2 protein chains.
Amino acid sequence: MVQEREPPGSHGSQGSGPQGAPPAIAVSTVIFALRPEGDATGSTPSLWTPFVLRTREPHLDRWALPGGWLPGGEELESAAARTLGETTGLHPSYLEQLYTFGGVDRSPTGRVVTVVYSALVRTDEVEQAAPGENVRWFRADRLPRLAFDHNAIVDYALERLRTKVEYAHIAHSFLGETFTLSQLRSVHEAVLGQELDAANFRRSMAASPEIVATGELMAGTPHRPPKLYRYRNQTHATRHRDAQSENPTAERVRP
Amino acid sequence: MVQEREPPGSHGSQGSGPQGAPPAIAVSTVIFALRPEGDATGSTPSLWTPFVLRTREPHLDRWALPGGWLPGGEELESAAARTLGETTGLHPSYLEQLYTFGGVDRSPTGRVVTVVYSALVRTDEVEQAAPGENVRWFRADRLPRLAFDHNAIVDYALERLRTKVEYAHIAHSFLGETFTLSQLRSVHEAVLGQELDAANFRRSMAASPEIVATGELMAGTPHRPPKLYRYRNQTHATRHRDAQSENPTAERVRP
DNA sequence: TCAAAAGTGTTAGATATACACCCATGA
DNA sequence: TCATGGGTGTATATCTAACACTTTTGA
């Protein structure tokens, strides 16, 4: 990349294609959280995502992903975390880059290249956050017609989440610091949309060194109290591969 | 994304962060090809990648990934294919988006967000292409100190290629229209850097519906002639998930 | 007929899947 | 004591990995 470059400020012929103006860079985030199914408590949870109501053209009055323009001095991931926090009040427990959408005709008002992030937030975080007036949650599999190409983006994020939850340990990001294996299983079931064998799921998780028992039990259950587990932050000595602290598989876990 | 937007042309406060100037968008491509090991023919092939010599500051005289600024009217993938063609003369048989690198301090002359693509080219394509004066190939695992953060980018692309070759059918992109299972195996071995059991590899490939026998045999071998296979372009009815023809898992296969 | 690579067969071990069954607690 | 989810055991099917062995050609 960056074959040549004028001094900053004078952007020379950079990006001056047939359309004239250089592309603008935006950052957006698809946020996933687990919420109880209906109004009745105790039912199986399902995946929900928050959207922001657009208050101006284009796509006025349609729901859109939280996001905003990328400031010149802000990191991509930081901009994603900031913009999603400003609009929804949420603090993600997991945040990773998903894909960059740059279709020429994505926006009717000009070329926009959007770096999309995928975020997971804990259920308790959702409950205590104060969402803005123009924020509404929708079931991830029952979306309205969104602004721009955001329907396709969410669909892709959902697909990625489903494949990734099977080989990466990200399900715990939906839960609190400690959790039971049943809770973890219900996360997997909600994401995958299918029931899992409790016995086999338990074994496969217990086999992983990332999931460790705390030694404590959960109290207050109307039956046998389950063991509590914790996700072990894998040595945190994961070789970093980028000299400029840009890690393609970065993961932020909330303290 | 795209919460609000002035009319194109007047970019308003878009991207006007602490650093002032809005970020520039570049597109770069990590190109992989299989080349014979040493000068001796017949030895096991290895992975090579081409780089372009920088002819100006910053990072003058260092090798860099092929790429360039994104024109306002060009698709991301198109820009990747064009810039890699202009510099190396190559036509990729596979091209997919890898990751977007946007670290604030990636370039000493200003903020640059680079959408990086990963490309595979066939061996015969490499042989017939006329590379420019300032293009040189290096073994992917023996790189010099590259410009910017390109060492980290290539390392990441290599890691992705290794993991992806195991579950996705992309190895054939290094070969011609038809190929023997031995050739395909040697591709996997070169990418993974380890030998594979010929018998088991054959079975696992034959089990896949994507790999089909043409019915013909390869002639001119000094031993038993092997069957030729072809990659079946999986129905090409892969559900597209993006209304604006932007497919996160797009794949271009050369005719 | 020999070398070399193509291609098939077989088996032990590991992993996945289904499901029977016991355990510990609150009500 | 009973209902309920927590947790263990176990048998079967499937997949994986290792390697012996047969086949087919050119030299």
Side-chain angles (χ1 to χ4, degrees), chain A residues 36-37 40-45 162-163 165-169 171-172 175-176 178-190 192-230, chain B residues 36-37 40-45 163 165-167 169 171-172 175-176 178-190 192-230:
Chain A
E37 182 57 57
T41 53
S43 53
T44 56
R162 289 202 170 113
T163 61
V165 81
E166 292 186 286
Y167 70 87
H169 291 195
H172 67 92
L175 303 170
T178 62
F179 47 87
T180 71
L181 289 185
S182 280
Q183 289 175 325
L184 192 62
R185 175 168 53 87
S186 88
V187 172
H188 280 249
E189 290 175 339
L192 298 175
Q194 63 179 359
E195 299 212 327
L196 300 173
D197 185 286
N200 296 332
F201 179 85
R202 164 181 307 278
R203 262 186 293 264
S204 69
M205 284 302 149
S208 157
E210 320 294 340
I211 309 288
V212 292
T214 64
E216 292 167 19
L217 300 179
M218 170 170 278
T221 58
H223 52 280
R224 172 173 174 176
K227 289 182 191 168
L228 282 172
Y229 290 80
R230 158 186 299 124
Chain B
E37 183 56 56
T41 52
S43 53
T44 56
T163 61
V165 81
E166 293 186 283
Y167 70 89
H169 290 199
H172 68 91
L175 304 170
T178 62
F179 48 85
T180 70
L181 289 185
S182 281
Q183 289 175 325
L184 192 62
R185 176 168 52 86
S186 86
V187 171
H188 279 249
E189 289 174 341
L192 298 175
Q194 62 178 1
E195 299 212 328
L196 299 173
D197 184 286
N200 295 332
F201 179 85
R202 165 181 306 279
R203 264 186 293 264
S204 70
M205 284 301 148
S208 158
E210 321 293 343
I211 308 289
V212 292
T214 65
E216 293 168 18
L217 300 179
M218 170 170 279
T221 58
H223 53 277
R224 173 173 176 176
K227 290 182 190 168
L228 283 172
Y229 290 80
R230 160 186 300 123

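Every heavy atom of this structure was used, including side-chain atoms; hydrogens, water molecules and symmetry mates were not. Since this is a predicted model, take the numbers as computed values, not measurements. All chains are named by letter (A, B, ...) in the order of the sequence lines, taking the proteins before the strands, and each is independently numbered beginning at 1.
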Checklist entry - Nearest to the side chain of B/R185 - D/dG7, C/dA24, C/dA6? => result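 Minimum distance to the B/R185 side chain belongs to C/dA6.
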Item to check | Among C/dA18, C/dT8, D/dG5, the one nearest A/H223 by side-chain distance | outcome: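 Looking only at heavy atoms from C-beta outward on A/H223, the closest nucleotide is D/dG5.
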Roughly, in whole Å, what's the span from [atom1] in [X] to [atom2] in [N]?
| X | N | atom1 | atom2 | answer |
| --- | --- | --- | --- | --- |
| A/M205 | D/dG7 | CE | C1' | 16 Å |
| A/L196 | C/dA18 | CG | C1' | 13 Å |
| B/R203 | D/dT14 | CZ | P | 17 Å |
| B/F201 | D/dT16 | CZ | C1' | 15 Å |
| B/L181 | C/dG7 | CG | C1' | 10 Å |
| A/E195 | C/dA18 | CD | P | 13 Å |
| B/L217 | D/dT25 | CG | C1' | 11 Å |
| A/D197 | D/dT12 | CG | C1' | 14 Å |

Next on the checklist: Could you check whether the side chain of A/R224 and the base of C/dA24 have a donor-acceptor pair of N or O atoms closer than 3.5 Å, going by distance alone?
Outcome noted: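 For A/R224, whose side chain was compared with the base of C/dA24, there is no donor-acceptor pair (under 3.5 Å).
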Checklist entry - If you pin B/Y229 and A/A199 to their nearest nucleotides in DNA chain C, which one's is more 5'? => result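 It is B/Y229 whose nearest nucleotide is closer to the 5' end.
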Item to check | 5' precedence on DNA chain C between B/P226 and B/N200 (nearest-nucleotide basis) | outcome: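 Going by which nucleotide is closer to the 5' end, it is B/P226.
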Item to check | Presence of B/S182 side-chain N/O under 4.0 Å of C/dA5 phosphate oxygens OP1/OP2 | outcome: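 Indeed not, no polar side-chain atom of B/S182 lies that close.
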Checklist entry - Does OP1 or OP2 of C/dG7 have a side-chain N or O of B/R202 closer than 4.0 Å? => result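 True: B/R202 side-chain N/O within range (under 4.0 Å) of C/dG7 OP1/OP2.
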Item to check | Check: A/L228 main-chain N/O paired with A/T178 side-chain donor or acceptor under 3.5 Å | outcome: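 No; zero donor-acceptor contacts below 3.5 Å.
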Item to check | Side-chain heavy atoms of B/L192 within contact of B/E166, under 4.5 Å | outcome: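 A side-chain contact under 4.5 Å exists here.
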Next on the checklist: Could you check whether any side-chain heavy atom of A/M218 comes within less than 4.5 Å of a side-chain heavy atom of A/P226, counting everything from C-beta outward?
Outcome noted: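 With C-beta onward as the side chain, the pair touches.
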Item to check | Rounded distance (nearest 0.5 Å) linking atom CD1 of A/I211 with atom CZ of A/F179 | outcome: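 Answer rounded to 0.5 Å: 4.5 Å.
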Next on the checklist: Need one value for B/S204: base, sugar-phosphate or nothing, where a base atom within 4.0 Å counts as base even if backbone is also close, heavy atoms only.
Outcome noted: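 It contacts nothing in the nucleic acid.
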Could you list the donor-acceptor pairs under 3.5 angstrom formed between side-chain atoms of residues 180-189 of chain A and any protein atom two or more places apart in sequence or on another chain?
| unit_1 | atom_1 | unit_2 | atom_2 | d |
| --- | --- | --- | --- | --- |
| A/T180 | OG1 | A/S182 | N | 3.4 |
| A/T180 | OG1 | A/Q183 | N | 3.1 |
| A/Q183 | OE1 | A/T180 | N | 2.9 |
| A/R185 | NH1 | A/E189 | OE2 | 3.2 |
| A/S186 | OG | A/Q183 | O | 3.0 |
| A/E189 | OE2 | A/L196 | N | 2.9 |

